[in-house]
Asks: 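The following block contains the structure, expressed as structure tokens.
For ligands, and for the atoms within them, numbers begin at 1 and follow the listed sequence. Model, not experiment: these values are computed from the prediction. Along the sequence shown, residues carry numbers from 1.
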Amino acid sequence: MLDTPHPTPHAPTTDCFALARALSGVNFIGGRYVPAASGKTFPVVNPATGAEVATAAYGEAADVDAAVQDAARAQKEWAKMPARKRGALVHACAAILKEHQDELGHLIALETGKALRTESRVEAGVVADIFEFFGGLGSELKGESVPFAPNVLSVTVREPLGVVGAIIPWNVPMLLMALKVAPALVAGNTVVVKSAEEAPLAVMRICELMNRVLPPGCFNIISGFGPECGAPLVMHPKVRKVTFTGSVETGKIVAKAASEKLVPVTLELGGKSPMIVFADCDFEKTVAGALTSMRFTRQGQSCTAASRIYVERPIFDEFVSRMKAAVNGMVMGDPLDEKTDIGTIISQGQFEKVQGFIEEGRATPGATAHECSAMPSDPALKKGLFLRPVIFTGLDASSRLVREEIFGPVTVIQPFDDPEAVLAAANDSEYGLAASLWTNNLKVGLDLAHRLEAGLVQINQNLVVQANLSYGGVKSSGLGKEASLEAMLEHFTHKKTIMVNMA
Ligand code: NAI
Ligand code: MG
């Protein structure tokens, strides 16, 4: 239970502006809101207007230490609680999050610019689902009995690791946080989250909502920047597990720091996910599938975005023109407007990075940039970070747009002539997160599914991460898995062997 009066409303609210102000300037540590030890804050900006809507506490090493110490104290009692009871509490959190789905949708739309109807409210629903799923897994924290000798009982038991340090990005912050916090808690760990500097509010509200049910100190959250706040969290001696989602570059820094302490690390990093379309596909379904695969409603800010689309030559032209028409039909506008399909890019820096890719593509000889959809006309949005989706043709594997993660509404469509060639092209990447194949020839589809270098391959669909399916990349896309029972057991517990000699 919260032990202090808190500034945020108890009941769900969709007045996200007021809620953002109420959440200003605080971290959530040990069951209560506290400002940063230094008193410093940084602005939180609505990317649809450029207006400052809140401040966030500027967390640094002292705040990290306070949170980790509280989490370490809480962990001792939390781990003693029967696993099913922990699960029941996490399940109760899911119920509260469901009641606040619309509220969280509005808040995340405000701070990230993701459209409420197509993305933000959906994300909030998935978050509740993730806590509900893991809340039911308490009694699955089972060990084995090992046939050692007749008079020796030899068993393994699953034990929590201790305090988990979780670092999350801004693209789907609530969902990516839930994938870490839910299994970590159910397994008997306590957690300190470092939120992304661009999106600290909705995850803070989630932490507060869950602390209405969880004992204080089990789930703490600090807002702050990477080197000042993320790095001390990774390095803290009492953090016994690090889980990170973000860029490859930062993932390597995090893994290196964690290796100094020899603590396990899970990394969910970037992607350059291929979508492979065969001429025999269900054409209409596949065009629609390309829009969802590319995550255009999230402005392409997704690690699994289908940012390389390979289309078999006989249907190439028709596919490009139908896809253009479909993206043209998507409405760009105010993220909080129910009519909006596509909102804004998260930040000025990210906006410029994506524009740089687009300019480079345009300047490439032979390339065509098909700009789709239309800029919003509302003058209130004139400072918003709106970027028209771009479909490129005429680029090949020599282009940085085909090789690097853009993390924006930009995809490249290339023709192919045979399955072996497209397989080689798809696998010619530093990344290996996800891939999709669109064909009615399951013989070819399954063969390629087995040979694609990716953690997740889908045929004739391209869903986002699911709570009960193991998820994670190969190559530079990451280390370890998230979601699913398997990930909870392998990444948030260790196996202890106990032997009893009864002779
Ligand atoms: P980033 O990887 O730098 O940031 C992710 C998280 O790591 C943030 O919370 C950040 O504060 C933290 N961080 C940064 N430096 C750190 C350090 N030294 N120690 C500990 N934590 C640290 O990603 P950023 O700068 O927001 O975006 C850059 C690019 O990364 C994007 O353009 C995109 O290509 C990729 N990206 C991929 C994501 C994914 O889901 N795989 C998510 C976000 C970004
Ligand atoms: Mg960075």
Asks: For ligand 1, which part of Gln350 has a heavy atom less than 4.0 Å away: the side chain, the backbone, both, or neither?
Replies: side chain
Asks: Flag the pair Leu385 / Gln348 as yes when at least one side-chain heavy-atom distance between them is below 4.5 Å, and no otherwise.
Replies: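 Counting from C-beta outward, Leu385 and Gln348 do come under 4.5 Å.
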Asks: In the protein, which heavy atom is nearest to atom 27 (O) of ligand 1, and how far is it?
Replies: Trp170 NE1, 4.1 Å
Asks: For Gly349 and ligand 1, answer yes if some heavy atom of the residue is under 4.0 Å from a ligand atom, otherwise no.
Replies: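 Gly349 does not count as a contact of ligand 1 under the 4.0 Å cut-off.
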Asks: How far is atom 18 (N) of ligand 1 from the closest protein heavy atom, and which atom is that?
Replies: Ile253 CG2, 3.8 Å
Asks: Would you say the ring centers of Phe219 and Phe28 fall short of 6.0 Å from each other?
Replies: no
Asks: So which protein heavy atom does atom 19 (N) of ligand 1 come closest to, and at what separation?
Replies: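 Looking at atom 19 (N) of ligand 1, the protein heavy atom closest to it is Ala231 N, 3.6 Å.
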Asks: Among protein heavy atoms, which lies nearest atom 7 (O) of ligand 1, and at what distance?
Replies: Phe244 CE1, 3.2 Å
Asks: Can you report which non-hydrogen protein atom sits closest to atom 32 (O) of ligand 1, along with the distance?
Replies: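 Result: Lys353 NZ, 2.4 Å.
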Asks: With Thr266 as reference, evaluate Lys241, Glu482, Lys180, Lys481 under the side chain to side chain donor-acceptor pair (under 3.5 Å) test and give the passing residue.
Replies: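 One option only clears the test, and that one is Lys241.
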Asks: What protein heavy atom sits nearest atom 9 (O) of ligand 1, and how far away is it?
Replies: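 Nearest neighbour among protein heavy atoms for atom 9 (O) of ligand 1, to 0.1 Å: Ile168 O, 2.8 Å.
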Asks: Measure centre to centre between the rings of Tyr310 and Phe416, then say whether the value is under 6.0 Å.
Replies: no
Asks: Tell me if the centroids of the rings in Trp170 and Phe407 come within less than 6.0 Å of each other.
Replies: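 That pair passes the under 6.0 Å test.
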Asks: Are the side chain of Thr340 and the backbone N or O of Gly343 linked by a donor-acceptor pair below 3.5 Å?
Replies: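 Here the side-chain-to-backbone pair does not exist.
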Asks: Got the closest protein heavy atom to atom 30 (O) of ligand 1, with its distance?
Replies: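 Checking every protein heavy atom, the shortest distance to atom 30 (O) of ligand 1 gives Ser247 CB, 3.0 Å.
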Asks: Got a protein heavy atom sitting under 4.0 Å from atom 4 (O) of ligand 1?
Replies: no
